[in-house]
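Since the structure comes first, as structure tokens, the remarks are kept for the end.
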Amino acid sequence: MLVLGIETSCDDTGVALYDRDAGLRAHALFSQMSHALYGGVVPEIASRDHIQKLLPLIDALLIDAGVAIDDLDAIAYTAGPGLAGALLVGAALARALAFALAIPALGVHHLEGHLLAPRLEPEAPDFPFLALLVSGGHTLLADVQALGQYTILGESRDDAAGEAFDKSAQVLGLGFPGGPAIGKAASRGRETDLRLPRPLVDRPGLEFSFSGLKTALLQAARERPLDDERRCDLAYALQDAIVDTLAVKCRRALLQTGHERLVIAGGVGANQRLRERLTDEVAALGAKLYYPRPAFCTDNGAMIAYAGCLRLAAGQAGNQDFGVRPRWPLSELSPP
Ligand code: KG4
Ligand code: ZN
């Protein structure tokens, strides 16, 4: 079974071919840089960029993989959550193509894609596992029992971890997206006596709250002139606070659930410091850490092709509607 995956939920146009037997055949991504000018994703620009890029990207993908369009057995596309207009571009193209080829099309949950992405790697985590999903729109800990069986153990009450990186990068004038920029600046920064808050770590539970961090950072940034050295030190303090907070909650969740596997997924999972810290944290508990390569942490078509392929292979039928779900709680998913 050969599945074409299409991801257009935000500002990345991702496509991939996943084969049930041979695994990932090819993937390609176009990252829209036009948003950098505005310091955040502009939904209308995102939709227009997807329209321009999606078809040429699919053409190039098929040629690279040496696959004829008739060889496709199904199409999986991100149906939500995400930006309505951006999602509609992927959904419309996926459904039209599937109709023309008389093959099924399946709308995939974007976060399910992220949760399953580590299984695209050679050393794939078996079910069940604990997942830390940290992206630009979500921060949550999930108990992943099996495909479609997810229990959310805790999530952010306000900003996502990625949002904290992005907004803080704006405060420091480091550009967009903020995560990679902060990570780079932090690697040149030093530990100072500035200690930013670790929200909710001193209270029981697995919830997160990151909205106060950017305000704390803003106050610190105003204390003295922002030269390059100071910027890097502040980036270090911010990354340290976010990583520390996530690590404390992961440790707590591992102890609470007894899981032996921790999976990091989502764009913030590309953060090197987070990976190092969680590696130490799980080792101390005798557990094991899994994460996808950086390109599969951030949005990509491979995770959508893979999630769609798993569901179709398990007998789920394609859906018939063109609708997308900009808001779609993960807890509403069920097994195929
Ligand atoms: O998963 P993703 O590509 O899109 C969403 O579904 O949101 O995540 C994007 C987020 C952005 O906030 C970006 O700043 C953050 O992931 N990010 C990082 C890194 N790379 C991307 N955050 C920290 N360190 C990174 N290396
Ligand atoms: Zn994402």
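Whatever order the structure lists them in is the order used to number ligands and atoms, beginning at 1. Just so it is clear, the structure is predicted and the values come from calculations on it, not from any experiment.
- Counting only heavy atoms of the protein, atom 21 (C) of ligand 1 lies nearest to G267 O, 3.4 Å.
- At least one side-chain heavy atom of L17 sits less than 4.5 Å from a side-chain heavy atom of L4.
- Proximity to G137 (heavy-atom distance under 4.0 Å) selects the following atoms of ligand 1: 7 (O).
- Of all atoms in ligand 1, numbered sequentially from 1 with element shown, those under 4.0 Å from a heavy atom of G136 are 5 (C), 7 (O), 8 (O), 9 (C), 10 (C), 12 (O).
- Counting heavy atoms of neighbouring residues, nucleotides and ligands inside a 6.0 Å radius, atom CZ of R48 does not exceed 12 of them.
- Below 3.5 Å of separation, one finds no N or O of F165 facing any N or O of ligand 1.
- Screening R224, R230, R231 for a side-chain contact (heavy atoms from CB on, under 4.5 Å) with D227, the sole residue that qualifies is R230.
- Some N or O of D166 is nearer than 3.5 Å to an N or O of ligand 1, by distance alone.
- Within the listing of ligand 1, atoms 1 (O), 6 (O) sit less than 4.0 angstrom from a heavy atom of H114.
- Distances below 4.0 Å separate heavy atoms of G162 from the following atoms of ligand 1: 12 (O).
- No donor-acceptor pair closer than 3.5 Å links the side chain of H110 to the backbone N or O of T8.
- Using the six-membered ring where Trp is involved, H27 and F296 have ring planes that are perpendicular, over 60° apart on the 30 and 60° scheme.
- Under a 4.0 Å heavy-atom criterion, C10 is not in contact with ligand 1.
- Within a 6.0 Å sphere centred on CZ of F99, other residues, nucleotides and ligands contribute 12 heavy atoms or fewer.
- In the vicinity of T298, heavy-atom distances shorter than 4.0 Å reach the ligand 1 atoms 3 (O), 21 (C).
- Atom OH of Y306 sits about 13.0 Å away from atom CG of D19, to the nearest 0.5 Å.
- Between R275 and I264 the shortest side-chain heavy-atom distance falls below 4.5 Å.
- Closest protein heavy atom to atom 22 (N) of ligand 1: G179 CA, 3.2 Å.
- Q316 contributes no side-chain N or O that, together with a main-chain N or O of R311, makes up a donor-acceptor pair within less than 3.5 Å.
- Note: F127 and F129 have parallel aromatic rings, judged against thresholds of 30 and 60 degrees for the angle between ring planes.
- In this structure, H109 and P81 have side chains that are in contact, with non-hydrogen atoms separated by less than 4.5 Å.
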**OP:** Report the C-alpha separation of D240 and R195 in whole Å, then their side-chain angles, then the decisive distance to 0.1 Å, and conclude whether the salt bridge (charged side-chain N to carboxylate O under 4.0 Å, His left out) test is met.
**Re:** CA-CA 9 Å; D240 202 39; R195 195 177 152 83; 5.4 Å; no
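- Here 3 is the count of protein N, O or S atoms positioned under 2.8 Å from the Zn ion (ligand 2), waters not counted.
- For ligand 1, the polar-atom distance check against E163 finds no nitrogen or oxygen pair separated by under 3.5 Å.
- No cation-pi contact links R273 to Y236, judged by a cut-off of 6.0 Å to the six-membered ring centre and 45° from its axis.
- The closest approach between a heavy atom of G183 and any atom of ligand 1 is not below 4.0 Å.
- For ligand 1, the atoms closer than 4.0 angstrom to any heavy atom of H110 are 6 (O).
- Here's the thing with G266: none of its N/O atoms is less than 3.5 angstrom from an N/O atom of ligand 1.
- Closest to atom 2 (P) of ligand 1 among all protein heavy atoms lies D299 OD1, 3.4 Å.
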